[in-house]
Number of protein chains: 2
Amino acid sequence: MNVTIADLAKMTGLAKSTISGVLNNKSGFSEKTRQKVLKAAEQYGYVPNEIARGLTSKFTKTIGLVIKDITNPFYNQITKGVQEIANAFGYTVFLCSSGEDHEAEINQIEAMVGRRVDGLIIAPLLEEVTFDHIYELKRKSLPFALLGKIPGLDCDWVEFDDYSGGRQAAEHLIENGHTQIGFITGLRTSRASKMRYSAFKDTLVANGLTLNPDYVFHEAQSFMDGVEIGQRVLQMDRRPTALICFDDVIAMGVIKALEQSGLKVPDDLSVIGFDDIDMMLFPLTTVSIPTYEAGKTLARILFERIFDGETREFKQKVFDVKLVTRNSVKRLHQS
Amino acid sequence: MNVTIADLAKMTGLAKSTISGVLNNKSGFSEKTRQKVLKAAEQYGYVPNEIARGLTSKFTKTIGLVIKDITNPFYNQITKGVQEIANAFGYTVFLCSSGEDHEAEINQIEAMVGRRVDGLIIAPLLEEVTFDHIYELKRKSLPFALLGKIPGLDCDWVEFDDYSGGRQAAEHLIENGHTQIGFITGLRTSRASKMRYSAFKDTLVANGLTLNPDYVFHEAQSFMDGVEIGQRVLQMDRRPTALICFDDVIAMGVIKALEQSGLKVPDDLSVIGFDDIDMMLFPLTTVSIPTYEAGKTLARILFERIFDGETREFKQKVFDVKLVTRNSVKRLHQS
DNA sequence: TTGTATGCGTTATCAA
DNA sequence: TTGATAACGCATACAA
C-alpha cells in the first residue's frame, strides 16, 4: 500500500541498503545512483516510515505533551511554546488533555510510553493524588519534564511562583483598603490553587485580617463556574468588597455575572485574576504568568535531557509572576 | 532499556509467542502460565511497544489532527471533539498547528504520514493555495477527513454554512436599520472568511445598499488585530454604524478598543461576531457555530473510513449556523 | 498448551 | 561504490 525502500530497490534494481544510504545523505555513492534513487523516491511519493526507523534508531522523533485542559488559554500558550521548539528540532508532538482527570492522565501517559516517545512533558495533577505513574517513568529512565514539581522527586521541572502571586494579589487589595476579601479556588488537585490560596490566607493573617469562610468558594474550573459563583456572591447580604479568582477565565465568569445584574467591576466588587490571558476584554488586574516562555523552556530542557542523557544534572526553574494592575480594583477610602 | 516481550520470555522461561498470546488475551493458555506472564509483565512494568506492533498490524492506533491556530477557541473546540472520539476508540492523536502557514501545513502532514497515522483530520488553508499534498493523501489512499471542502476533490469532509452565516449577520443589521455596515475579513487563505464576506456583499446589494470600501478591513487574525482595527475605526470621520467581524476573537478586540476610548457597544457601534465562543464577557450578537459537534463528527467519519475502508461512499456534511442575538446591535430609528 | 519461524520497513555492519 | 544480512519488538501461522 505504502511505497517502501524495498519497492524502490525493486524499481531501480539497486539494493535496499543503497536506497537507504542515499536517502539519508550518506557519502560514498556515485552521482548516477544518487540521482536514480532520488528520482524514483520523488516519483513514487516515498515517505520514510518513521516507525520502522524508530525501531532501529532508538529515536522516534516524537514527544508527548499531557496538559490538563485544552480549552484554557493558559495551556494553549504552554502548548504553543512546546510545539514551536519541538518543530524546530524536527519533532512531532502527541498532545493529550487529561481533562483534570487522574485516570485519564495515567492512561494518556501509558499510551505515549507505548508509542515510545523520546520524552514527555507533563502538567500533572499535583494534589490529593498518587505519582506512581511518574515514578515509573523515572524507573524506565524515560526523559520527562514536569510543569510543577513533585516533592521528593528529583527530575526536570518548571514551575511558577504561585505563592508569590497569591501574596501579591492579596497585598494589592489590602493596600487599596480592602478587608472583606473573598477567594475562588481551583480544583483540589491543583497545586497552583493551593499555593495561591495559602499565600492569600497567610497575607490576611500577616495584616491582622480575618478570613470570612463565607467568602471562599471552592473547585471552580470553567467560565460557567465563575458565572455561578458570581451570581451567588451578588445575592449575599454582606458581600465581600473584593474577590481573588483562581484564573482569568473564572474571573471573566464572575464579571459576566455581575454585569448581567447591572453591577459594575470594580465599583461594586473588585476582582483579581491569574494568568493575564489575551482575549481579555475587561481591564482586569491580574497576576501575569509567563506561560508561553515556560512552554518553550520545558521543551528546551526536555530536549537537553533527550540528547545529553541522564548524565547532566536535573534542571529546575521557577518563573516569577507579577501583578499587573489595570482597572478592576477599587481604591477604598481608608488606608 | 525498555522491557520487551523477549525479556519477559527470558524471565519466565516461556516463549515469546506465549507471552504475546497471553498479553493479547488469546485463548488456549493454562491459568498457571497466564498468571505467570501477567505477574511478570506487571512486575517489570512492561508496556507493549505500539510501534513494533504497528509494524506488523497495519494499525498504529494513531490519527493526526492538523489545525490552523491552537490559541483560537474555535479550534480548541474542534480539537476537544476529535480527542474525545479518538480516545473512545483507543486512539492517540498527533496534534499540529499550522499557524495558518501553508508550508508548515505541508510539513506537518508529511511528518504524520511518515509516522503512519491511520488517518488524518485536516483543517487546510483553502484559498490561494495548492492542494497537491492533499491529493497525494488520496493517491496513497490514506484515510482523511477535511474541515472544509476542496472543489473537485471527492473525499470525506465537514463544513459550516458560512455563506448563510454571513447573510444572517448582514440581514440582522439591515433589519435593525443599519446601512453603513463595515466588515473585517480573516486571512486571504480562509474559505470561511471569503464566504462570509461574499454573503455580506450580496446581501447588501440585494437590499439596495452600497458598500463603502473604507469600511472593509482585511486580514485580521488575532485579538490584537481586532484592537488595531477598532482603533482605526473610531478615528474615522464618518464611522460605520455596524461592523461584522470574521470571528469572536477579533470582535472582542474591536470592543476592547472602543471601550478603551470610552465608546460603547452597541450605542456607538454595533458589532457582530462569528463562533459564539465561551469565555465571552460581552453580550455579543454572533453567529453560533457547532464546532465541538463538528470535531466529533469529523472523527467519527474518519474512523468509519479507517475501519470500513474505501468501499463506502464519501460522507459530506454541512452544519447549519445560526445567529444568536444578544446585545451588541443597536436598533436604529428607521425601518 | 507451548515453541519456532517469518515478516513488517528501516538502519547498520560487514563483505564484495 | 554497492550489496547482502542481521537486528529492532512484535504478531501470526504453523509445528510440536
Side-chain angles (χ1 to χ4, degrees), chain A residues 1-38 40-41 44-62 90 111-118 140 142, chain B residues 1-38 40-41 44-62 110-118 140 142:
Chain A
M1 181 170 275
N2 241 312
V3 37
T4 73
I5 270 192
D7 296 332
L8 293 184
K10 202 169 287 172
M11 316 310 320
T12 58
L14 294 165
K16 289 198 300 177
S17 51
T18 306
I19 310 286
S20 172
V22 171
L23 258 24
N24 287 293
N25 269 319
K26 306 263 175 189
S27 60
F29 297 95
S30 68
E31 196 50 33
K32 202 174 126 200
T33 31
R34 186 178 292 278
Q35 288 309 324
K36 206 198 243 174
V37 171
L38 262 26
Y44 294 103
Y46 171 77
V47 179
N49 185 329
E50 293 292 343
I51 284 179
R53 198 175 250 175
L55 247 194
T56 42
S57 85
K58 282 296 158 213
F59 285 108
T60 57
K61 300 204 78 176
T62 279
M112 292 184 175
V113 172
R115 254 120 213 161
R116 295 298 185 269
V117 291
D118 292 342
K140 282 184 160 46
L142 178 63
Chain B
M1 181 170 277
N2 240 311
V3 37
T4 73
I5 269 193
D7 296 333
L8 293 185
K10 202 168 287 172
M11 317 308 321
T12 58
L14 295 166
K16 290 199 298 178
S17 57
T18 307
I19 311 287
S20 171
V22 171
L23 259 24
N24 287 292
N25 269 317
K26 307 265 174 189
S27 59
F29 298 95
S30 68
E31 197 49 34
K32 204 174 122 199
T33 25
R34 184 177 293 277
Q35 287 309 324
K36 206 199 250 176
V37 171
L38 262 24
Y44 295 102
Y46 171 77
V47 180
N49 186 330
E50 292 293 342
I51 283 179
R53 197 175 251 173
L55 250 194
T56 42
S57 85
K58 282 295 159 216
F59 285 109
T60 56
K61 299 204 77 175
T62 278
E110 172 143 340
M112 294 185 175
V113 172
R115 254 120 215 162
R116 296 301 186 268
V117 291
D118 292 341
K140 283 185 159 48
L142 178 62

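Throughout, a chain's letter reflects where its sequence line sits, starting with A, and its residues are numbered from 1.
Here the side chains of Asp118(A) and Thr62(A) are not in contact, with every heavy-atom distance at 4.5 Å or above. Contact of the Asn49(B) side chain with the Thr4(B) side chain is not registered, since no non-hydrogen atoms from C-beta on lie closer than 4.5 Å. A 4.5 Å side-chain heavy-atom check between Arg115(B) and Lys61(A) finds at least one atom pair inside the cut-off. With contacts defined as side-chain heavy-atom distances shorter than 4.5 Å, the pair Leu8(B)/Tyr44(B) qualifies.
Among residues two or more places apart in sequence or in another chain, the side-chain contact (heavy atoms from CB on, under 4.5 Å) test is passed with Leu38(A) by Val22(A), Leu23(A), Arg34(A). Among residues two or more places apart in sequence or in another chain, the side-chain contact (heavy atoms from CB on, under 4.5 Å) test is passed with Thr56(A) by none. Judged as a side-chain contact (heavy atoms from CB on, under 4.5 Å), and not counting sequence neighbours, the contacts of Ser20(B) are Ile5(B), Asn24(B).
At least one donor-acceptor pair closer than 3.5 Å links the side chain of Thr60(A) to the backbone N or O of Arg116(A). Between the side chain of Thr33(A) and the backbone N or O of Phe29(A), no donor-acceptor pair lies under 3.5 Å.
Within the 4.0 Å cut-off from OP1 or OP2 of dT1(D), not a single side-chain nitrogen or oxygen of Ser30(A) is found.
We find the CG-CE distance between Leu142(B) and Met112(B) to be 11.5 Å, quoted to the nearest 0.5 Å.
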Open item on the list: I need a per-nucleotide contact map over nucleotides 8-16 of chain D, read 5' to 3'. Cutoff is protein heavy atoms under 4.0 Å; write B for the base, S for backbone only, - otherwise.
Closed with: BBBBB----
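Once you apply a 4.0 Å limit to the heavy atoms of chain A, the touched nucleotides of DNA chain C run 5' to 3' over dG9(C) to dA12(C).
Heavy atoms of Gly114(B) sit nowhere under 4.0 angstrom from any nucleic acid atom. Within the 4.0 angstrom heavy-atom criterion, only backbone atoms of the sugar-phosphate kind lie near Leu14(B); the bases stay farther away.
Overall bending of the helix from dT1(C)-dA16(D) to dA16(C)-dT1(D), expressed as the angle between end axes built from five pairs apiece, is 50° (10° steps).
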